[in-house]
Amino acid sequence: MLESNWRFFFEKELQSLNSKNLFRSLSFPHSRDFSSNDYLNLSKHPEIIKSFKEGLDFYYLGSTASRLIRGHRDSFEKAETDLANWVKSETSLLVSNGYSANLGLLDSIANPKTIIFTDRLNHASILDGIRISGAVKKYFNHRNTSHLRSLLEKSDKSSPKIIVSETVFSMDGDIALVDELVELKKEFGALLILDEAHALGVFGEKGGGVSLDRKLFPSIDESDIDVRIFTGGKSLGLEGGFIASSEIIKQYLINKMRPFIFSTSILPAIAHSLSTAISIAKKMDEERKHILQISEILRNSLKEKGYEVLNSKSQIIPLVLFSEEKSLHKSKELKEKNFDIRAIRPPTVKESRLRISINSKIQFKDVEELLTYL
Ligand SMILES: Cc1ncc(COP(=O)(O)O)c(C=O)c1O
């Protein structure tokens, strides 16, 4: 039985969230998907499902141990090679998910002597990694490379420095100034980490991410980005996290990264099906084009209607309503019209909003219909 002091604690916290319209509860997927990260609809792809079943027959269920003990399988190595080839990286390391990739990477590389320069809107997994590493955290204003420069200039020359940013930002849908981050990393001798979680499958050559997008960034060389984070849970429709890097960083992580060392590795069958998902995703140029076209149409129409969509340039479109209550209400109203669009509130974002995400199945007529309700 919960002691009364603890019951009081939990009740008080939950009541406080409730009174600010910040209480969260779980609700199942419903109607038309305008909210998941299944951008290429691979979570239901028959070939990948078949591959997962084959993987189960071949590798059975759990990996039974950490990869450094008895949990290692050839399907992990193959997925790592396939991902690395896709994103043009020397190698990659497969871990449980994107969250532990960011957390474990930053914790293992940084220490209290390191200064980490982090975009103000970076994902929670990046912030948590910085926090547990004990590094000095310097926020730079969102996508503001002049601010980043001034922070770099003011910082101690001899301290090891890391610059970390998402490429496609998960809640605003805008894109980091990757070319300028590369310049600053070179000038100040920093390690550059880019989280491509929402870019994979959608941006760049064969969907390999913003770092490979020569229309957006003609002059960069992906090998100048020291570490890139990808996840299997979004456009690949599965789960898992990939840390793409040079061989020396991979060896370091295998030796130092706590979530990799001290956790049972994911199902080998997942890794087997990740390879299939990668080979399919690479070929989906038509879907990528469609996603970005539909996103642009929706974004422009929302702007015309006077909505705030920030600086979105991707398949993620924030419809900022600046009110928790309005966002919850609108999400509920849209559910009745068969649209699954979720409200995103603080502390996930500063200004409450609907986060609309466009996947390859969404057609122009769906967007037209949605616009009639907004
Ligand atoms: C930018 C970013 N990085 C990392 C993650 C974590 O990835 P995963 O869902 O695979 O843990 C997410 C997902 O929420 C994300 O949006």
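Atoms within a ligand are numbered from 1 in the order they appear, just like the ligands themselves. What you are looking at is a predicted structure, and each value in this text was computed from that prediction instead of being measured. Below, each value reflects all heavy atoms present in this structure, side chains not excepted, and no hydrogens, waters or symmetry copies.
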Verify the ring-centre separation between Phe339 and Phe34: is it less than 6.0 angstrom? yes
Report yes or no: does Ser170 have a heavy atom closer than 4.0 Å to ligand 1? yes
Is Ser125 in contact with ligand 1, taking contact as a heavy-atom separation below 4.0 Å? yes
With heavy atoms of [X] as the reference, note each atom of ligand 1 found under 4.0 Å away.
X	value
Thr231	8 (P), 10 (O)
Gly98	6 (C), 7 (O), 8 (P), 10 (O), 11 (O)
Asn102	3 (N), 4 (C)

Are any of the N/O atoms in Glu166 less than 3.5 Å from those in ligand 1? no
Does any N/O atom on Ala197 come nearer than 3.5 Å to any N/O atom on ligand 1? no
Check this for me: does any side-chain nitrogen of one of [X] and [Y] sit under 4.0 Å from a carboxylate oxygen of the other?
X	Y	value
Glu369	Lys337	no
Glu80	Lys250	yes
Glu222	Arg214	yes

Given Tyr39 and His198, is the side chain to side chain donor-acceptor pair (under 3.5 Å) satisfied, shown in steps? CA-CA 9 Å; Tyr39 304 123; His198 293 274; 2.7 Å; yes
Starting from [atom], find the nearest protein heavy-atom neighbour and note its residue, name and distance.
atom	value
atom 6 (C) of ligand 1	Tyr99 N, 3.4 Å
atom 16 (O) of ligand 1	His198 NE2, 2.7 Å
atom 5 (C) of ligand 1	His123 CE1, 3.5 Å

Using a heavy-atom cut-off of under 4.0 Å, does the side chain or the backbone of Lys234 touch ligand 1, or both, or neither? side chain
Mind checking whether Asn122 contacts ligand 1 via backbone (N, CA, C, O), side chain (CB onward), both or neither, at a 4.0 Å heavy-atom cut-off? neither
Given 3.5 Å as the limit, does a donor-acceptor pair link the side chain of Asn144 with the main chain of His147, or not? yes
Test your reading of the model: is there a side-chain donor-acceptor pair from Arg345 to the backbone of Asn21, 3.5 Å cut-off? yes
Please compare Ile229, Thr348, Asp195 and report which has the shortest non-hydrogen distance to atom 3 (N) of ligand 1. Asp195
More than 12 heavy atoms from other groups under 6.0 Å of CZ on Arg120: yes
Residues Ile254 and Ile261: closest non-hydrogen pair is O-CG1, 3.6 Å
